[in-house]
Amino acid sequence: MAKMNLLQAINSALDVAMAKNDKVTVFGEDVGHFGGVFRATSGLQEKYGRSRCFNTPLVEQGIIGFANGLASQGGLPVAEIQFGDYIFPAFDQIVNETAKFRYRSGNEFDVGGLTIRTPYGGGIHGGHYHSQSPEAYFAHTPGLKIVIPRNPYEAKGLLLSAIFDPNPVLFMEPKRMYRAAVGEVPEEEYTIPLGKAEVVKEGSDITLVGWGAQIEVIEKAAELAEKDGVSCEIIDLRSILPWDADTVAESVMKTGRLVISQEAPHTMAFGSEVAATIQEKAFLYLESPIARVSGLDTPYPLAHEKEYMADHLKTYEAIKRSLNY
Amino acid sequence: MAKMNLLQAINSALDVAMAKNDKVTVFGEDVGHFGGVFRATSGLQEKYGRSRCFNTPLVEQGIIGFANGLASQGGLPVAEIQFGDYIFPAFDQIVNETAKFRYRSGNEFDVGGLTIRTPYGGGIHGGHYHSQSPEAYFAHTPGLKIVIPRNPYEAKGLLLSAIFDPNPVLFMEPKRMYRAAVGEVPEEEYTIPLGKAEVVKEGSDITLVGWGAQIEVIEKAAELAEKDGVSCEIIDLRSILPWDADTVAESVMKTGRLVISQEAPHTMAFGSEVAATIQEKAFLYLESPIARVSGLDTPYPLAHEKEYMADHLKTYEAIKRSLNY
Amino acid sequence: ATEAPKAASQGKALASPAVRRRAREAGIDIAAVPGSGSKGRVLKEDIQSYVDGGK
Amino acid sequence: MATQTTKQPDVVTSVEVIDGHALRIPMFQLLDKDGKPHEGVTLPEIDKDLALKMFSTMQFIRVLDERMIAAQRQGRISFYLSSLGEEAASIGSAAALKFDDMIMGQYREQGSLAFRGFTIKQFMNQLFSNAEDLGKGRQMPVHYGCADLNFMTISSPLGTQIPQATGYAYGQKHEDSGLCTLVYFGEGAASEGDFHAGLNMASVLKVPAIFFCRNNGYAISTPISEQLAGDGIAPRGVGYGMKTIRVDGNDILAVYAATQEARRLAVEENEPVLIEAMSYRMAGHSTSDDPTGYRTRDEEQAWRDKCPLKRFRNYLLSKGWINEEDADAQQQEVKEAVLAALKEAEKVPVPHIDEIINDVYDTPTEQLKEQLEQLKEHVRK
Amino acid sequence: MATQTTKQPDVVTSVEVIDGHALRIPMFQLLDKDGKPHEGVTLPEIDKDLALKMFSTMQFIRVLDERMIAAQRQGRISFYLSSLGEEAASIGSAAALKFDDMIMGQYREQGSLAFRGFTIKQFMNQLFSNAEDLGKGRQMPVHYGCADLNFMTISSPLGTQIPQATGYAYGQKHEDSGLCTLVYFGEGAASEGDFHAGLNMASVLKVPAIFFCRNNGYAISTPISEQLAGDGIAPRGVGYGMKTIRVDGNDILAVYAATQEARRLAVEENEPVLIEAMSYRMAGHSTSDDPTGYRTRDEEQAWRDKCPLKRFRNYLLSKGWINEEDADAQQQEVKEAVLAALKEAEKVPVPHIDEIINDVYDTPTEQLKEQLEQLKEHVRK
Ligand SMILES: Cc1ncc(C[n+]2csc(CCOP(=O)(O)OP(=O)(O)O)c2C)c(N)n1
Ligand SMILES: Cc1ncc(C[n+]2csc(CCOP(=O)(O)OP(=O)(O)O)c2C)c(N)n1
Ligand SMILES: [Mg+2]
Ligand SMILES: [Mg+2]
Ligand SMILES: [Mg+2]
């Protein structure tokens, strides 16, 4: 075990994966010698050579197109998109190609070896092009897996699972926690299953659901609520696609109440799917409407970032409203 | 009034708009002399000249990038994307540019003049690249409007509203109804408000919600249900963004039950937002869980298209389940 | 927006799904239960007293 | 440490506007339109077996295309897309590759696939989306693919296969396989952003890829004059610092020789190559299209005279490797075989309903299994 | 009826592989690195007023950039992005335009904006995201925009403005305005698919657009050698059949003359033009970046010797249009003005909270008003 921040955990996962299997390659804008703008790929080119860790030209659709091709050839590409906000030029390659590759070919070909890494999320004064949480845009796409870790330990274990999972995975990293989150992380290989949510904290009065950086926000809100004597159960989805509805439903059947807290703008954020599904699965157990705490339905602002964000206070208010309904 | 099919109604709307305002231009792949692969733009080049109706090179990101620029200059571009399945290369231009243009510039510039037309939907033996219903992919994008007509009359009125609306509009046309749907359509200009749902049929036992081609499916399902003595209220959302939650909530507060029927794959289709919002707004009135009838969570298939589709029988079963809950 | 703006329609009840479950479990028609909450909302206590009263 | 390495350009002291047509790229041709080799040319070394295989594949594809267009008109299949007039481009290039090289198609390269050994039966199964289709009946007709034949499954969205080819070729180089990837695309698809991405990345990363553009003059109804303003596609190769060849796409020997040289450059020198094959789409874009609305019969006739099949046939006749009767007889045989296979494939049932959820992921998720169960229950009603 | 109009290429009868470097495009330069005009050149007609305006804008931008880098280090602003070393490219090109021409920037063209008349105060308001920022504090520092000055608001996603410029120019042509659009982008952004889209469409649609590439050798840490393999960006213009000029981006007179000629071609002949200005990014990519990790001091020094500001200053000195003392005094004045404006802007409050929902649509939707109400209620707690 070692103390690592989230970036170091990512770097360690990449290192372990590259050492283990020489089909693993790492590429993207500035990821080579420079180690990426956040330094997640630091030292990998030096260690594994330019053919396994390299810069690409500045073209996201090309990065993912290239990665699809390399994965279809049997490679295990780990492609970096510098910011989640810049993933959209690659949307066609991801949604129409990556996700449908195996299905359309009748399993003659697949790009299961592909992992796409990208930092996402707000709280870094980045305005609308360095703050978005675009997971929901991808969650309507059968064939993809989407994974978001909440801390360094989870990051390493989930990334290693993603790299070696026989399906393409979009791995989104909460960038505001890159250096802020520090924890104990094993130096060797370990994995955390994809598609399984985790009950981070057990409780009996209300279920709180989130993923990624938002778990920290939810934990703070839960602390406030506990002071009022409310026992909160916290669930980290970890995987957005496929997602673990059963774990959430089970919890809600116990607590009768659900608050989802998410960074993205409200309408059609992933919380909508969670709410829609859980009201079906746990209908007769609901004591109050499923509440969603989200960003506003605007582009991500700059000057009013603090007001915009779905913070712990807004989440706490939602918990109270749910209980007093 | 004249009898028009849906294509003719679209063509008539474009004709009226171009005659009215010479800032209206129409372009896209094959839309010029040829009139588009579905012939929606037939005759417009002849009538208004090559500078107002023209072919573009084969590049969707360019078509929308160009359209954004032209709209920001004060034009009223109506850009065609040949199939909704091919809109994804333009995703960045739509989601990061079109939608955020006014906001990011503090209203110094806007692309409100832009309308994007694209055929969508299944039922034409098109497999996964000529059948998708991608509206949900765009519905997470504040700044955009999304409109889907269900018949020729609606198509013309809504398209005219879209073209002259001071906001960018994504206008999605149910292609399997292009020639199949015929109805009375005024030859002159008229508009239908954006953002307002329509109660297509009043009823008291259950609310059925849909949009576009799916309204026909829902109507068939309702007919079956009426034979069982069930009174169905049918609502056509017409606008997916911003959408008219109040009309739906009001109906559900009356009927106590809601079934959403939609073409797209289940997870994160727009029905998720409808369900999530309505369980909140009409919580205490719900007699049964809000049900969603959708496509399967797979790429759109070919040989099993019929089985895949959210047809009237599946919708009818969902109505029965809701009533017998 | 989540506030109940009006009473339930004829033959229907204003109640949370969880209260509906309790009515089901008690084998009673919730529409017949007088609600003591705002706009006639049926609360779980109402189910209890209806059941007790019925006994 | 990286350093900036743009070579210092020469300096001029008056504004020099480089004309958009500064670079005119000539077209390589070996056979004249009657199939006679130009004076003094070196023909590629092709033995009789190979030549006959190329020829019979051309004949087969011509027959297949004509037959399936008819089958579509009869309502037996929903859609078809022919390569009439472009047989030399696909077959000539495929013939110059090693079998283990990867081919990625756009959708008009049935010739390459047939050359690799895709059987009539396999074609038919795909066209009828039946239970024996390798693609499990999931894609529209002509979206073939076959791992055993190193022919990537075709995908409708245009241009997407181009950067994929760059990635595939990178993997081949990484494995030191001595193999390359050849990717086909139309001059229309070359307008897509993915074209730019794929070629530029290939140049920078020095991958063994051959970018084979079939310039057939049209993208559905859009003539090349409304697609681009330069001298076709070839000069773009120079824009990427990529070796480039323009070839007569209706001259199968020239296509063969050009691809052979491109393959050598790709595999031996890791130099990606752009080939632009000049040809013409003789039929409509697909069975959904009628070209009489947007082009003249004269134009079509002018190209009919340059028929690649006739040209190669004449060459082989003059060489004495075929004779008229045998060639005709072969054609007749193929016709019958195609018809028989068509009738066979028509009878094969659709894939099992379980296939609707297979291959979304490596194994179906619980949700998908549930959705299938619900579907089956529903079907039972 | 459209017809296929690719000109018939010349025919060659042996495989001709066009080398990726077949086209070497020279660089236009008027002043040597010491600011002395080359022998016998024709200098553009620039009167003293204009020359001094260009010079003072250069001085201003140099001061602004240096000051704001410092301000970021002091934690007074969150982010800054300088144009150190590239002042001639933006200012020289902006000076050659008409005021009503549209300019679309990437983010390193503060010089063009200043030349158009954006005030120190306006710069500061944007940099501090305060209530007086034209952009209402919604974007990161340096994302300027101003409708009155015909300078399109900058957007972070790279390359997106390129096809937008094509569309904007189409509108200008459609209105017969006699105006054009000039769009800036880096050699890195030129790898994006949108670059390909924008230039090809401009060529085909014949719009009055000038595509101005600032080739400064780097995209963040990525040197041009890992960005592209050809001879820079200019040869791509030829690939699109577009008129192309390569110019020394550190020679403001050459940039001016080149842009003037490009503007003439664009507006009078509807010929879009690609200009590649060769320069160097003297500072880090932004304040978040430290270039010592990826390039040598020697390389930087070599370029420091080519400083565009020094070069133009020397030229003006030799012409007698400025003298050392006045120039220095002016610089000192600007320094003070910048500092004063900075202190002013720091004091301006953030925009009103209502601005959080304005401009999403032309008027806020009911949902947005409701969300704002909830937010305000929440803030009150
Ligand atoms: C991204 C995308 N946009 C549009 C289409 C619709 N489409 C199918 S084929 C075609 C024309 C392609 O022309 P070209 O690349 O020249 O190939 P050709 O048909 O001439 O062989 C178009 C526009 C598509 N398949 N994909
Ligand atoms: C689509 C997109 N991808 C990535 C980025 C992140 N990014 C910002 S600037 C930059 C480098 C741009 O280099 P270049 O175009 O050469 O301009 P320069 O900074 O040299 O002026 C990158 C990669 C972005 N802003 N947009
Ligand atoms: Mg509009
Ligand atoms: Mg073509
Ligand atoms: Mg640069």
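The chains referred to below are lettered A, B, ... by the order of the sequence lines, with proteins before strands, and numbering in each begins at 1. Values reported hereafter were calculated over all heavy atoms of this structure, with side chains retained and with hydrogens, waters and symmetry mates removed. The shown structure was predicted, so the numbers you read here are calculated from the model rather than taken from an experiment.
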> Please identify, among D/P235, D/G193, D/P26, the residue contributing the most non-hydrogen atom pairs under 4.5 Å to chain E.
D/P26
> Tell me, for E/L265 versus chain D, whether the close heavy atoms (under 4.5 Å) come from the side chain, the backbone, both or neither.
side chain
> So, E/R24 and D/D10, do they make that salt bridge, N to O below 4.0 Å?
no
> Which answer fits D/L30, side chain, backbone, both or neither, if we ask what part of it has an atom under 4.5 Å from a heavy atom of chain E?
side chain
> Flag the one option from E/V204, E/V15, E/V238 with the top tally of heavy-atom pairs under 4.5 Å to chain D.
E/V15
> Quick one: what part of E/E187 sits under 4.5 Å from any heavy atom of chain D, side chain, backbone, both or neither?
neither
> Which atoms of D/E271 come close to chain E, meaning under 4.5 Å heavy atom to heavy atom: side chain ones, backbone ones, both, or neither?
neither
> Just so I understand: if I count every heavy-atom pair under 4.5 Å between each of E/V11, E/V273, E/V12, E/I245 and chain D, which residue has the most?
E/V12
> Do any of residues 31-46 of chain D have a heavy atom less than 4.5 Å from a heavy atom of chain E, and if so, which, in residue order?
D/H38, D/V41
> To the nearest 0.5 Å, what is the distance between CZ on D/R246 and CD on E/E16?
11.0 Å
> Counting N and O atoms only, with roles assigned by atom type, does the side chain of D/N200 sit under 3.5 Å from a partner on the main chain of E/Q227, one being a donor and the other an acceptor?
yes
> Which bit of E/E261 is near chain D, if near means a heavy-atom gap under 4.5 Å: side chain, backbone, both or neither?
side chain
> Taking all non-hydrogen atoms of both residues into account, name the closest pair between D/M27 and E/P9 and its distance.
CB-CG, 3.7 Å
> Rounded to the nearest 0.5 Å, what separation is found between the CD1 atom of E/I25 and the CD1 atom of D/I18?
5.0 Å
> Is it the backbone or the side chain of D/Q29 that comes under 4.5 Å from a heavy atom of chain E, or both, or neither?
both
> So which part of D/D19 gets closer than 4.5 Å to some heavy atom of chain E, the side chain, the backbone, both or neither?
both
> Nearest 0.5 angstrom please: D/S191 OG to E/H196 NE2, how far?
5.5 Å
> Heavy-atom cut-off 4.5 Å, strictly under: side chain, backbone, both or neither for D/A302 against chain E?
neither
> To the nearest 0.5 Å, what is the distance between OH (E/Y240) and CG (D/L228)?
10.5 Å
